[in-house]
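Notes follow once the structure below has been shown.
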Amino acid sequence: MSNNSEHKAADFIRAIVAEDRASGKHPHPVTRFPPEPNGYLHIGHAKSICLNFGIAEENPGGVCHLRFDDTNPAKEEQEYIDAIQRDVRWLGFDWGDKRFFASDYFEQLYQFAETLIKKGKAYVCSLSAEEVRDYRGTLTRPGRESPFRNRTVEENLDLFRRMRAGEFPDGTHTLRAKIDMASPNLNMRDPTLYRILRTRHHQTGDAWSIYPLYDFTHCLSDALEGITHSLCTLEFEDHRPLYDWVLDLSDPPCHPRQIEFSRLSLEYTVVSKRKLIQLVESGAVTGWDDPRMPTISGLRRRGYTPRGIRDFCRRVGITKAPNNVELALLENCVREDLEQAADRAMAVLDPLKVVIETWPEDQVEELTAPVHPALPERGVRTLPFTREIYIERDDFRLEAPKKFKRLTAGGEVRLRNAYVIRCKEVIRDERGEVVELRCSHDAMTLNAQPEGRKVSGVIHWVSATRHARAEVRLYDKLFTRPDPDDDPEGGSFMNCLNPQSLVVLQDRPVEEGLAAATAERHYQFERVGYFIADHGDSTPGRLVFNRTVTLRDSWAKLQAREQEGEGR
RNA sequence: UGGGCCGUCGCCAAGCGGUAAGGCACCGGAUUUUGAUUCCGGCAUCCCCAGGUUCGAAUCCUGGCGGCCCAGCCA
């Protein structure tokens with residue numbers, strides 16, 4: 001927190017919280033993050049987590065509860081509860097002992113419901129689901145009142161108690177609020193409060209055969225927990241009148257204020273649990289934590305960092321305007337964090353063999369290179385330099401295009417952290433493919449500029465005889481369109497899956513020291529990108545690196561531009 | 001078409017009647033044993049449009065236009 005008390009709140013919600021603190025209305029804000037355990041958390045949840053936990057952290061005495069909104073046992077699972085907790089912690093937030101379940105309140109909720117019935121504000125409706133839909137009316141036409149709307153309090157109480165006792169099959173009755181079937185807000189047309197669902201609940205077991213719905217549960221749970229600011233996304237704006245209606249009639253301990261903000265939408269990804277489930281279940285990805293998934297655990301496995309994600313959430317802001325964010329912003333946030341955080345290493349993804357004829361056959365020189373060139377305190381690593389090495393195929397050209405400053409036939413280039421070499425001979429196979437380069441080295445160029453000439457190109461390399469091998473997984477966007485839902489043929493987002501979203505490279509030579517890479521360690525493969533040792537599959541004996549994001553590449557950009565120019 | 005919400009640079013976003021912050025992207029240019037990083041510079045006479053109020057409007061009023069959300073016994 002800034003020490004400047006004059007500083008402005010970062011967004012309109014923080015401004016409200018600050019006002020409420022200043023006025024003494026709420027000296028200590030209490031927020032909550034209320035996921036339903038029916039899927040994994042995604043980047044959109046991260047925005048909400050950062051908001052809710054952020055407000056608690058920024059305000060003295062503030063707290064943020066983790067509350068599982070577990071009112072639909074049919075879709076919820078313990079696995080999701082575990083994953084959600086893991087992800088929130090990993091992001092760097094702590095709910096202390098403030099972990100709750102809406103199901104903790106089932107008994108109290110039930111009592112509130114009976115109170116509503118006694119006040120004549122709720123009734124048991126015996127219409128079928130289809131009939132309810134029919135009676136609800138449409139956007140432009142008012143609904144009709146249920147024929148069961150005027151049951152007596154006694155009858156309602158009796159029926160509701162018998163619903164609880166499990167006397168009726170699923171779907172035969174519901175408890176509905178008695179509000180206004182003609183309301184222009186469909187949520188106010190006698191919304192359902194309870195349904196019969198004789199399903200085992202992951203927390204309460206077989207204790208209940210009726211379960212409350214969101215609109216009844218959420219506001220009361222907030223109130224029971226003493227939440228001061230109940231923050232949610234814009235689609236719940238229409239539910240606010242109902243949120244307030246329930247609380248006004250229930251005489252709860254307090255009346256939290258619901259405030260809505262726009263949900264995040266990110267280019268080239270989908271952020272909806274329904275769609276993420278579809279990706280998982282269809283096998284389009286390997287699971288919820290597939291590195292291509294926008295889930296927290298997917299991002300984690302991809303190599304994104306908690307800091308990077310939190311920074312992203314901060315930069316994206318909190319407003320009510322559509323929050324359509326470019327992927328470049330997220331990528332910038334990881335790069336910015338990893339630039340500092342990641343150790344440097346060299347790896348050759350598409351090897352071309354180079355024989356340094358001026359280097360003795362069996363000589364090995366242990367060169368040293370910084371772990372991080374800008375941070376000498378991070379120490380050094382050693383690189384065995386040998387007669388045969390690999391360089392990146394793309395770093396050599398028979399004929400140099402304009403502004404090319406890597407290796408060419410007859411040309412010179414600097415090997416990163418080593419010597420300047422000159423290409424003396426190009427060996428090609430019968431198809432004309434370059435298979436090997438014969439070079440000489442300049443022994444005077446270790447940590448020194450060459451005499452009388454300038455060599456500006458620098459390329460990375462790995463010893464051909466002293467290296468480790470690794471599987472390298474190159475990840476890219478999961479979808480080919482910025483908005484996967486915007487299919488020109490009106491089809492599903494599943495139609496624009498990117499076939500190149502994962503390219504697996506087997507058995508690539510990487511710097512020897514990488515053999516010690518432990519799971520989840522971040523590296524920058526110099527000149528290539530940021531990578532992480534996969535926490536599921538990488539072991540010291542079998543290295544697997546996931547590409548988090550490439551380095552910025554102005555050379556590729558230049559080339560693309562020139563190609564486009566030629567195409568015209 | 002009923003209701004709710006939104007509309008400031010390519011994207012996000014400050015701004016709250018006194019004459020358009022910032023970030024990302026983009027475009028230069030410097031430094032560089034990562035074409036990375038870093039640095040320096042450029043990038044909205046204009047705020048969806050049209051009227052009006054005012055000495056003065058992105059900010060107030062009126063009327064349009066455009067976008068998003070809502071008809072689960074999901075959350």
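Labels below follow one simple rule: chain letters A, B, ... track the order of the sequence lines, proteins then strands, and each chain is numbered from 1.
- Residue N72(A) is classed as a sugar-phosphate contact, given heavy-atom separations below 4.0 Å to backbone atoms only.
- With a cut-off of 3.5 Å on both pairing distances, U45(B) has no Watson-Crick or G-U wobble partner at all.
- What separates CG of L551(A) from C1' of A36(B) is a distance of 5 Å, to the nearest Å.
- Judged by Watson-Crick or G-U wobble contacts below 3.5 Å, the nucleotide A75(B) has no partner.
- Taking the ring centroids of H218(A) and F236(A), they lie at or beyond the 6.0 Å cut-off.
- Here E267(A) lies out of heavy-atom contact (under 4.0 Å) with every strand.
- Just one residue in the list F106(A), F101(A), F68(A), W208(A) forms a ring-ring contact (aromatic ring centres under 6.0 Å, His included) with H201(A), and that residue is F106(A).
- Taking side-chain N and O atoms only, R561(A) has a distance below 4.0 Å to OP1 or OP2 of C27(B).
- K405(A) comes within 4.0 angstrom of a nucleotide base, judged by non-hydrogen atoms across all strands.
- For Q449(A) against U33(B), no side-chain N or O and base N or O form a donor-acceptor pair under 3.5 Å.
- Between Y523(A) and F531(A), the ring center distance fails the sub-6.0 Å criterion.
- Nucleotides C26(B) and A71(B), compared at atom P, are 40 Å apart to the nearest Å.
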* **Chi angles and distances behind the side-chain hydrogen bond (donor to acceptor under 3.5 Å, both in side chains) call for H460(A), R344(A)** => CA-CA 11 Å; H460(A) 58 280; R344(A) 307 292 127 121; over 6 Å; no
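- Between the C1' atoms of C39(B) and C16(B), the separation comes to 37 Å (whole Å).
- With sequence neighbours left out, H372(A) forms a ring pair (Phe, Tyr, Trp, His ring centres under 6.0 Å) with no residue at all.
- Sequence order on RNA chain B of the closest nucleotides to V316(A) and A556(A) puts V316(A) first from the 5' end.
- Between the side chain of R406(A) and the base of G35(B), a donor-acceptor pair under 3.5 Å is found.
- Computed from coordinates, the D394(A) CG to U34(B) P distance equals 18 Å when rounded to whole Å.
- If you check every strand for non-hydrogen atoms under 4.0 Å, P373(A) touches a base.
- Residues Y243(A) and D222(A) form a side-chain contact, since some pair of their non-hydrogen atoms from C-beta on lies under 4.5 Å apart.
- Contact annotation: T217(A) side-chain N/O to A75(B) OP1/OP2 distance is not under 4.0 Å.
- Atom C1' of G23(B) sits at a distance of 13 Å from the matching atom of C9(B), rounded to the whole Å.
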Measure all distances between protein nitrogen or oxygen atoms and nitrogen or oxygen atoms of nucleotides 39-44 of chain B, and list the pairs falling under 3.5 Å.
none

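- Heavy-atom nearest nucleotides on RNA chain B were determined for K557(A) and for N38(A), and the one closer to the 5' end corresponds to K557(A).
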request  = Kindly determine whether D70(A) and S103(A) satisfy side-chain hydrogen bond (donor to acceptor under 3.5 Å, both in side chains), including the steps that lead there.
outcome  = CA-CA 6 Å; D70(A) 56 345; S103(A) 54; 2.6 Å; yes
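- Judged by the 6.0 Å and 45° rule, R144(A) forms a cation-pi pair with Y135(A).
- G42(B) takes the anti form, because its glycosidic angle lies more than 90° either side of 0.
- Checking side-chain atoms of R257(A) against main-chain N and O of L231(A) turns up no donor-acceptor pair under 3.5 Å.
- Counting only distance, with no hydrogens or angles, the side chain of T174(A) and the backbone of Y194(A) share no donor-acceptor pair below 3.5 Å.
- A75(B) atom P lies 10 Å from atom CG of D70(A), rounded to whole Å.
- Under the Watson-Crick and G-U wobble criteria, each requiring two contacts below 3.5 Å, nucleotide C68(B) is paired to G4(B).
- Using a 4.0 Å heavy-atom cutoff across all strands shown, F404(A) reaches at least one base atom of the nucleic acid.
- Although no hydrogens or angles enter the test, the distance criterion places no donor-acceptor pair under 3.5 Å between the side chain of Q563(A) and the main chain of Q559(A).
- Distances were taken from every side-chain heavy atom of V458(A) (C-beta onward) to each of G35(B), C24(B), A13(B); the shortest belongs to G35(B).
- The pairing partner recorded for A57(B) is none, the criterion being a Watson-Crick or G-U wobble arrangement whose two distances lie under 3.5 angstrom.
- Atom name C1', nucleotides C46(B) and U8(B): the rounded distance is 9 Å, in whole Å.
- A distance of about 28 Å separates the C1' atoms of C70(B) and A13(B), rounded to the whole Å.
- The aromatic ring centroids of F312(A) and Y304(A) lie 6.0 Å or more from each other.
- For the P atom pair drawn from A50(B) and C65(B), the interatomic distance equals 15 Å after rounding to whole Å.
- Between L329(A) atom CG and A25(B) atom P the separation is 8 Å, expressed in whole Å.
- Protein atom CG of N324(A) is 18 Å distant from nucleotide atom P of A25(B), rounded to whole Å.
- For the P atoms, the distance from A57(B) to G18(B) is 12 Å, rounded to whole Å.
- A75(B) has no base stacking with the ring of Y214(A) when judged by centroids under 5.5 angstrom apart and an interplanar angle below 30°.
- The separation between F12(A) atom CZ and U59(B) atom P is 21 Å, rounded to whole Å.
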Expected string for nucleotides 67-73 of chain B under the B/S/- scheme (protein heavy atoms, under 4.0 Å, primed atoms plus P, OP1, OP2 as sugar-phosphate) is --BBBSB
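- Across all strands, T319(A) comes closer than 4.0 Å only to sugar-phosphate atoms, never to a base (heavy-atom distances).
- Between the T445(A) side chain and the P450(A) main chain, no donor and acceptor come within less than 3.5 Å of each other.
- C39(B) is paired with G29(B) under the criterion used here, namely a Watson-Crick or G-U wobble arrangement in which both key atom distances are under 3.5 Å.
- Taking atom CH2 of W555(A) as the reference point, atom C1' of U37(B) lies 20 Å away to the nearest angstrom.
- Nucleic acid contact class of R552(A) (heavy atoms, under 4.0 Å, all strands): sugar-phosphate only.
- Comparing C27(B) with G10(B), their P atoms are spaced 15 Å from each other, to the whole Å.
- Within 3.5 Å, no donor on the side chain of R527(A) pairs with an acceptor on the base of U34(B), nor the reverse.
- Taking 3.5 Å as the limit, the base of U37(B) and the side chain of R335(A) contain no donor-acceptor pair of atoms between them.
- To the nearest angstrom, P of A13(B) lies 13 Å from CZ of F261(A).
- If you check every strand for non-hydrogen atoms under 4.0 Å, L446(A) touches a base.
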